[in-house]
Amino acid sequence: MTIIKTNRDVALACDALADQCEHMAQALEVCGGPPPLRRRPAGFDTLARILMGQQLSVASASAIWGRLEAGLGEVTPEAVLATSDETLRSYGLSGPKQRYLRACAEAVTDGLLDFKKLSRMDDAQAHEHLIAVKGIGPWTADIYLLSGLGRPDVFPAGDIALQAAAQRLMRKRKRPDADGITKIAKRWQPHRSVAARVLWAYYAVPPV
């Protein structure tokens, strides 16, 4: 398995995508070239960051994470489990986010979620291993595989920004749903992780 580790890996995948899909070529032209890598180290810290970002704007998620990190010093399973609900609430975590974060922390400390084993699993196995933990849905699992493990062919089909970017790029009348964009993304195999990065970058460029 070829892991996406560097910006050069992203650039090479972008070259392949541009060759095989005119829409990807167009998106890359609009974005001014390959998007940045944006990888994080595998482990609990990265998974917790992704959980904080579920159904929130980037700004809101960053603010909550900043308070959580400042309050705990280091976001570890042990630190989370030792912190009261009241304190977590003061950092901006909603009730569901508190429960999901604790469930993940407990899964790690109980040995049910093993990041070393996870890194050795194939995409399907790793995805199932992650979503078995309460609070980790398909989107969170996909984002972790993409950004934490650098898997090259993962596509978070439930991501609204990706759906909206594909709608604009392909001039579709309606935004594709998760099933629809999964079908669209088949043309980008085996580089769907980088295709997602390209679409996120394209989404961030204001339409003209």
By side-chain contact (heavy atoms from CB on, under 4.5 Å) - contacts of [X] (at least two apart):
| X | value |
| --- | --- |
| Ala164 | Arg175, Tyr203 |
| Ser90 | Thr87 |
| Asp177 | Asp179 |
| Ala63 | Arg67 |

Task: side chain to side chain contact (heavy atoms under 4.5 Å, CB included) assessment of Gln98 paired with Arg89 - done: CA-CA 8 Å; Gln98 293 175 41; Arg89 191 178 308 114; 3.6 Å; yes
Under the 3.5 angstrom rule, does the side chain of [X] hit a backbone N or O of [Y] as a donor-acceptor pair?
| X | Y | result |
| --- | --- | --- |
| Lys97 | Gln54 | yes |
| Ser193 | Leu146 | no |
| Gln125 | Asp122 | yes |
| Glu69 | Val75 | no |
| Thr46 | Gly43 | no |
| Asp153 | Arg192 | yes |

Once you round to the nearest 0.5 Å, how far does [atom1] of [X] lie from [atom2] of [Y]?
| X | Y | atom1 | atom2 | result |
| --- | --- | --- | --- | --- |
| Ile136 | Tyr100 | CD1 | OH | 11.5 Å |
| Arg187 | Gln20 | CZ | CD | 10.5 Å |
| Phe115 | Leu130 | CZ | CG | 7.5 Å |
| Leu113 | Phe44 | CG | CZ | 9.0 Å |
| Arg40 | Leu47 | CZ | CG | 12.5 Å |
| Leu169 | Leu162 | CG | CG | 11.5 Å |

Using side chain to side chain donor-acceptor pair (under 3.5 Å) as the criterion, list what pairs up with [X], not counting sequence neighbours.
| X | result |
| --- | --- |
| His127 | Asp142 |
| Asp159 | Trp139, Trp200 |
| Asp45 | Arg49 |
| Arg197 | none |

What's the shortest heavy-atom distance between [X] and [Y], and which atoms?
| X | Y | value |
| --- | --- | --- |
| Asp114 | His129 | N-NE2, 3.7 Å |
| Ile143 | Pro156 | CD1-CG, 3.6 Å |
| Leu199 | Ala166 | CD2-N, 4.3 Å |
| Ser119 | Leu149 | CB-CD2, 4.1 Å |
| Leu51 | Gly135 | CD2-O, 3.5 Å |
| Met52 | Trp65 | CG-CE3, 3.8 Å |

Task: Ile131 and Thr140, any side-chain heavy atoms less than 4.5 Å apart - done: no
Open item on the list: Is there a side-chain contact between Lys172 and Ile184 in this structure, where contact means two heavy atoms from C-beta onward sitting under 4.5 Å apart?
Closed with: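 Of all side-chain heavy-atom pairs linking Ile184 with Lys172, at least one is under 4.5 Å.
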Sequence neighbours left out, cut at 3.5 Å: what donor-acceptor pairs do the side chains of residues 21-39 make with other protein atoms?
| residue | atom | partner | partner atom | Å |
| --- | --- | --- | --- | --- |
| Arg39 | NH1 | Ile4 | O | 3.0 |
| Arg39 | NH2 | Gly148 | O | 2.9 |

Please list every donor-acceptor pair under 3.5 Å in which a side-chain atom of residues 101-112 meets a protein atom from a residue at least two apart or in another chain.
| residue | atom | partner | partner atom | Å |
| --- | --- | --- | --- | --- |
| Arg102 | NE | Asp85 | OD1 | 2.9 |
| Arg102 | NH1 | Val80 | O | 3.1 |
| Arg102 | NH1 | Thr83 | O | 3.2 |
| Arg102 | NH2 | Thr83 | O | 2.4 |
| Arg102 | NH2 | Asp85 | OD1 | 2.9 |
| Thr109 | OG1 | Ala105 | O | 3.2 |
| Thr109 | OG1 | Glu106 | O | 3.1 |

Open item on the list: So, using salt bridge (charged side-chain N to carboxylate O under 4.0 Å, His left out) as the criterion, who are the partners of Asp9 when residues are at least two apart?
Closed with: none
Open item on the list: Applying a strict under-4.5 Å side-chain criterion to I, L, V, M, F, W and Y, I'd like to know whether Met170 and Leu17 cluster together.
Closed with: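 They do share one cluster, since a chain of ILVMFWY contacts under 4.5 Å joins Met170 to Leu17.
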Open item on the list: Quick check: is Val205 connected to Val10 through a chain of hydrophobic side chains (ILVMFWY, heavy atoms under 4.5 Å apart)?
Closed with: yes
